[in-house]
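Input: a single structure, listed below in structure tokens.
Note on naming: letters A, B, ... go to the chains in the order of the sequence lines (proteins, then strands), and numbering restarts at 1 for each one.
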2 protein chains.
Amino acid sequence: MSQHRHPGAPGRAGAVPALPDLPEATVARLPEYLRALHNLAETGNETVSSEGLANAAGVNSAKLRKDLSQLGSYGTRGVGYDVALLIEQIEYVLGLTQRRAVALVGVGNLGHALAGYDGFASRGFRIAALLDADPGRVGEEINGMVVRHVDELPRVAAEESIAIGVIATPASAAQRVADQLVAVGVTSILNFAPCVLSVPDGVDVRKVDLAIELQILSFHEHRKASLTALPSTGGSALTALPGGLAVTESQEAIGT
Amino acid sequence: MSQHRHPGAPGRAGAVPALPDLPEATVARLPEYLRALHNLAETGNETVSSEGLANAAGVNSAKLRKDLSQLGSYGTRGVGYDVALLIEQIEYVLGLTQRRAVALVGVGNLGHALAGYDGFASRGFRIAALLDADPGRVGEEINGMVVRHVDELPRVAAEESIAIGVIATPASAAQRVADQLVAVGVTSILNFAPCVLSVPDGVDVRKVDLAIELQILSFHEHRKASLTALPSTGGSALTALPGGLAVTESQEAIGT
DNA sequence: CGCGATTTGTGCACGTCTTCACAAGCGCCT
DNA sequence: AGGCGCTTGTGAAGACGTGCACAAATCGCG
Ligand SMILES: NC(=O)c1ccc[n+]([C@@H]2O[C@H](COP(=O)([O-])OP(=O)(O)OC[C@H]3O[C@@H](n4cnc5c(N)ncnc54)[C@H](O)[C@@H]3O)[C@@H](O)[C@H]2O)c1
Ligand SMILES: NC(=O)c1ccc[n+]([C@@H]2O[C@H](COP(=O)([O-])OP(=O)(O)OC[C@H]3O[C@@H](n4cnc5c(N)ncnc54)[C@H](O)[C@@H]3O)[C@@H](O)[C@H]2O)c1
């Protein structure tokens, strides 16, 4: 469709929008590619094939090529992708060419771990502030940073240009904290509290919920266990369902 | 091979009802519904409409109805869903009727936070073992549990029927730990280390990577900034991609 | 007892994502 | 230079997921 630019061709810059809207699924995989690429770069690789990179990132190679093709062609047929160039490409698209400031709200059990995590710094982020509501926690020093009171958020936001807010408070406080973050202009939130946040349009929220992950795994355990059970019973023992109801006829195909 | 034990269900081992194979997307949402339902139950609600529950879970109501219909019809037209019954239903499907034992490997920064997290217990899981490779950490007591050496994993697995392994070690050790977990019969792994694990067929791995979440948010920040920045310009910093030249310099002030 | 209000369950159409398969492009070797 | 093997980029097809819109079912009430 339309003209496509050749990687080596000089002077064709400017004809194409810098940030095409990538499919969400692609965006979600780019960080994985980036991590794999950094590994490859550290081990001295100059180029990598889609097959090799796909392997390192744990995805299908056709998918990887299609993903990369979304951000413009940067591979060389017969050779592969230039590792360093691709890193710059992806970092640019992800907006990592500037180190983004993160405000961490809720310095409890989990917050301590996050504050001490060096994976922030090495992957393009900088913890710019630690905030908590507990007066007993305010003033505490963690990893060279002092915990400030959450009500200082407006002042903190004025000092630093906070790009992302991380919520690690109990669920009961999360919505309030989110509101405070939004109020000072934060438009991206990572939420560790197990609850739904409601935010205005234009604000992105992503959620990490450990229990959900475990429960998904639990489902698959359950399913695997039911498969190992003898198939000969054929829909007999559906008694375990509480409430006096049974799942009996949900899928005809399963029965004998 | 791992014989599956049902604690408290003697003589009936293997009599597991067949599970309809739910779409993955549905499975991933069930825990969210479950959490919302527990909230509703605590606030005294006996029934809930698909609209109400969808709201509480942050999803579309048609999607919710379709999800619930996958596990058999348990709503009453004109009324809604029985909260308590639906909770039992979902917990059954997710395999939460038995409390699953979790082994946590890597009791460092993050591992400590996880070990002290009460969200495990309240959502159907039980930390059955804390394991670490550092002799200096072995013997330490956290939250009433003693850290044991990771080489004791086989013994631990023999004592408890470990359903899920959680990896919170550095990435460099993660694959080795995964192998050890698989070797003792664990078929579900939650991995916090930023790396791809390779495991045999039949073993499920889910990954939680904080940096990936932040980078996805960063992308959207970048995109939002580029939308507000230039409605009509063609040659500003945003078009600096092509040509394979350094992209880095052209990025100084995207924020604000 | 019937009727209207309410809410579920689902057929259908649409959009997104994945995967295969292969032509086109590239470098290397002869 | 030309051919050969390797790799990318992408068309097409199908799988999967989503949301609308509405018939069917149920309840409450007069
Ligand atoms: N600990 C874990 O491993 C873990 C794992 C997954 C999810 N979570 C979730 O993360 C959140 C935090 O967990 P935790 O174990 O660290 O809890 P915690 O109680 O140890 O820490 C919560 C912190 O938030 C602070 N806080 C409370 N209200 C606040 C407010 N309005 N503004 C600012 N700070 C406030 C508290 O003072 C406390 O320091 C919880 O929602 C929990 O469910 C925790
Ligand atoms: N700290 C965070 O907030 C955070 C957030 C996201 C991801 N992570 C990831 O989680 C992992 C752990 O992070 P951390 O900050 O707790 O690191 P850490 O270094 O504090 O802890 C790692 C622990 O693993 C133990 N360990 C090392 N090799 C082991 C082995 N072979 N078997 C058993 N235990 C072993 C170490 O002794 C140490 O106690 C890392 O991969 C990190 O990237 C951490």
Between D:dG9 (P) and A:Glu51 (CD): distance, integer Å: 14 Å
Length of the OH-P vector between A:Tyr33 and D:dT8, whole Å: 13 Å
Closest contact, heavy atoms only, A:Ala41 versus A:Ile87: CB-CD1, 4.1 Å
B/S/- contact track for nucleotides 25-30 of chain D, protein heavy atom under 4.0 Å: BBS---
Verdict with reasoning, A:Gln89 to A:Tyr81, per side chain to side chain contact (heavy atoms under 4.5 Å, CB included): CA-CA 11 Å; A:Gln89 258 309 298; A:Tyr81 298 87; over 6 Å; no
Whole-Å gap separating P (D:dG9) and CG (A:Leu71): 10 Å
Under-4.0 Å side-chain N/O to phosphate OP1/OP2 contact, A:Tyr81 with D:dG9: yes
Distance-only polar pair, side chains of B:Thr26 and B:Asp67, donor-acceptor under 3.5 Å: yes
Atom pair distance, as rounded to whole Å: CG in B:Asp21 and C1' in D:dA15: 14 Å
Test item: side-chain donor near acceptor, A:Arg35 and A:His38, under 3.5 Å: no
Rounded interatomic separation in angstrom, taking CD from A:Gln70 and P from C:dT18: 11 Å
Flag for A:Tyr74-A:Asp82: side-chain donor and acceptor within less than 3.5 Å: no
Integer-rounded Å distance: D:dT7 P and A:Leu53 CG: 14 Å
Selection: residues 54-66 of chain A, any non-hydrogen atom under 4.0 Å of DNA chain D: A:Arg65, A:Lys66
Side chain proximity check, A:Arg100 to B:His222, heavy atoms < 4.5 angstrom: yes
Whole-Å distance separating the CG atom of B:Asp67 from the C1' atom of D:dG17: 10 Å
Test item: side-chain donor near acceptor, B:Ser188 and A:Glu221, under 3.5 Å: yes
Test item: side-chain donor near acceptor, B:Asn55 and B:Glu51, under 3.5 Å: no
Phosphate OP1/OP2 of C:dT8: any B:Ser50 side-chain N/O under 4.0 Å: yes
Note: A:Lys207-B:Glu32 ion pair, threshold 4.0 Å (strictly below): yes
Residue closer to the 5' end of DNA chain C, A:Pro23 versus B:Ser49 (nearest nucleotide): B:Ser49
Distance in angstrom units between B:Leu68 CG and C:dT8 P, rounded: 9 Å
